[in-house]
Amino acid sequence: MNIFDLYLEKIIKIVKEANQNKTIEIPEMLNGINVDIPPTQFNCDISTNVAMVLAKPNKKSPIDIAKHLVDLIKKSDDQIEDISIAKPGFINIKFKKSFWNIFLKELIFEGKNFGTNKKITKKKYLIEFVSANPTGPLHVGHCRGAILGDVLSNLLLFNNHNVSKEYYVNDYGNQILHFSKSVYFRIREIVYNETFPINNSDLYPGDYVIDIAKNIIKNNKDLDFDNFEKISSKLTKLSVEESLKLIRFNLKNLGIIHDKFIRETDIVNNKEVEKTISKLKKNNFVYEGKIKAPENEKTSHWTERDQLLFKSTDFGDDKDRALQKADKSWTYFASDVAYHNNKLERKYDILINILGADHAGYIKRITSVVEAISGKKNKLICKVSQLVKLIKDNKPFKMSKRKGDYITIEDLIDEVGKDATRFIMLNRSSDVELDFDFTKVKEKSRENPLYYVQYCYTRISSVFRNVGKKISDDIKIKDYKFNYTDKEIKILKKISEWPRCIEIASSKLEPHRIPVYLYELASEFHSYWNMGKEDETKRFITSDKKISDEKLVFLKAVSNVIKSGMKILNVETPEKM
RNA sequence: GCGCUCUUAGCUCAGCUGGAUAGAGCAUCGGUUUUCUAAACCGAGGGUCGGAGGUUCGAAUCCUCCAGAGCGCGCCA
């Protein structure tokens, strides 16, 4: 039950009826009208701007319109205790206490589905995220996008959409070649006692490559490591699979499981690139042409030549994009074009890509491709997650591939924990750079917002435990005729904002709103809890170790919302801490 | 040079599908514990929402310009 939507509908109905009775003029579009949360000092529950929106078409002051509407609203609804007008024309509504009983009854009935958006139609989503090169384990830099993608899919699932999570494995091209060469040199180091060419900056020097080399030697006794060319393709495959093992392990420890891993080599080997390009050629989106050197400083080595280009300038990109390299092999972009065609052929309604900030410049061309193939705009939504600035011992911590100097996901999980990592990474808008202070998060774990929210759930659990009940048990109440106090209603109001939080978070793809909301709810609850210290009537458990239905329902409502929010974030809600 | 993102309290950030007197946490200062778990609570101080215009009844929120910060601008992935 979304009370804001409920009252918006009621008000629009009233306005339309008034229009039919010729007492009010309405504009063509009524979407400027909204029902909102009023500022706390007004002592009311919801407010609407309807009078201000209607002022102009009626050529009357908002206050006059409001006066007219207030009567109509009051007449049509028996749950309103007080309805008033505030400058410059807001209509403020305060509900009777019985309204909150209706609300709670509905909430308990909906159970864990409370908050799901019922207005939307079910869609099929494909969300691609992480997709880090399979050249080693994930590091902290990958972490934010991984968690963002995971929680977005949970959020969409919560709203009953169909969601498929995919990882695109870039196992084709130069970087992979360098990687498998690195593995090869590590193998030679082990087998023939040769020194690893540490000064070759193309190679991956990290220690994990040694482990990968060892594994490959152990499991492939029949392989002849004498000549790289001979075993290159086999070795590449083995190296990639070893990397993927590491990556899957990292993701699992973060609580993330993808539905599918799609390999770039499969796309290329299945001739999907040719297929897609010829499709685009037919529609004149692909042609042979030259591109100009980029305008930044290092242009001296640039040679212009004819090559296959995608006409992304047709879609507002600043230059057309190359599909083929000089050696006629496909560019990264070309196989990604084919991959997106592959996605579209699988008939998803919406595609979502989660990208790191360093790939933001790629968005224009890939959305252009999807538009070119599907003929539709906004079929692909790209969501960028900004950088995580790591801070350790009060200094920015720079990771270096060269030195193999990383903070890996395992380090992070060992030291900070999966839940805290997830919560902190999600607690900020993905548009903003995130300071992740390794030392602080570790030391001051008590100040961590995760525990603040979890503690709220723990406190509620302890009440249930103390009266011999379980927090997970369903509760059955015959009549909802409770007389909640102002403080309790304040918390119920916060709970009533939950469906709205979900709605905005999912429509804008901004999951950070969930931890922010949960923190606020927890804060209200802790405040209430502490009132019980001074005033025994405010405690949940009476002196004879019982709890009233009234308090039971109240606690159930709070814990339901915390539980479903934390479930979307995929963090634990322990009953004891 | 061009593109994307950001700029809100001392610090880290919410708030942005336009609404009323702009909110948290940390830090600072002062209080609360024989208790349903103090991993908590209560109170105080702290603001030219980067700057300038514009749209609007109304702008932190939308538009334009400017400044600063970050990221990117390959035939790398």
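All values below come from the heavy atoms of this structure, side chains included, with hydrogens, waters and symmetry mates left out. A note on names: the letters A, B, ... follow the listed sequences, proteins ahead of strands, and every chain is numbered from 1. Computed from a predicted model, the values in this text were never measured in an experiment.
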Between [N] ([atom2]) and [X] ([atom1]): distance, integer Å:
X        : N      : atom1 : atom2 : result
A:Met425 : B:rU12 : CE    : C1'   : 15 Å
A:Arg513 : B:rG23 : CZ    : P     : 17 Å
A:Tyr172 : B:rC76 : OH    : C1'   : 13 Å
A:Lys538 : B:rC41 : NZ    : P     : 17 Å

Remember a base hit wins even if backbone is also touched, and classify [X] as base, sugar-phosphate or nothing at under 4.0 Å, heavy atoms.
X        : result
A:Ala86  : base
A:Asp535 : nothing
A:Asp358 : sugar-phosphate
A:Ala326 : base
A:Tyr362 : base
A:Leu387 : sugar-phosphate
A:Phe333 : nothing
A:Pro62  : nothing
A:Lys56  : sugar-phosphate
A:Ile547 : nothing
A:Ser429 : sugar-phosphate
A:Ser47  : base
A:Lys508 : sugar-phosphate
A:Arg459 : sugar-phosphate

Item to check | A:Trp529 and A:Phe540 aromatic ring geometry - parallel, tilted or perpendicular at 30°/60° bounds | outcome: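 Tilted.
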Same-atom distance ([atom1]) from [N] to [M], integer angstrom:
N      : M      : atom1 : answer
B:rC62 : B:rG15 : P     : 12 Å
B:rU61 : B:rU17 : P     : 11 Å
B:rC73 : B:rG47 : P     : 42 Å
B:rC16 : B:rA24 : P     : 16 Å
B:rU48 : B:rU5  : C1'   : 25 Å

Item to check | Aromatic stack A:Trp529/B:rA40: centroid gap under 5.5 Å, interplanar angle under 30° | outcome: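 Base of B:rA40: not stacked against A:Trp529.
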Item to check | Complementary nucleotide for B:rA69 - Watson-Crick or wobble, under 3.5 Å | outcome: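 Checking every strand shown, B:rA69 finds its partner in B:rU5, with both distances under 3.5 Å.
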Next on the checklist: Walk me through whether A:Arg459 and A:His526 qualify under side-chain contact (heavy atoms from CB on, under 4.5 Å).
Outcome noted: CA-CA 9 Å; A:Arg459 278 182 151 171; A:His526 286 310; 2.9 Å; yes
Checklist entry - Can you find a side chain N or O atom of A:Asn466 that sits less than 4.0 Å from OP1 or OP2 on B:rU37? => result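 Checking A:Asn466 against B:rU37: at least one side-chain N or O falls below 4.0 Å of OP1 or OP2.
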Item to check | Contact under 4.0 Å: A:Ser527 side-chain N or O vs B:rC42 OP1/OP2 | outcome: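 For B:rC42, OP1/OP2 do have a side-chain N/O of A:Ser527 under 4.0 Å.
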Checklist entry - Is there a donor N/O on one and an acceptor N/O on the other, under 3.5 Å, for the side chain of A:Asn92 and the base of B:rA20? => result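 Per atom types, the contact qualifies.
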Checklist entry - Quick one: which of B:rA77, B:rA14, B:rU35 gets closest to the side chain of A:Arg539? => result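 Nearest to the side chain of A:Arg539 among the choices is B:rU35.
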Next on the checklist: Using 0.5 Å steps for rounding, measure from the CD1 atom of A:Ile491 to the CG atom of A:Leu521.
Outcome noted: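 The distance works out to 7.5 Å.
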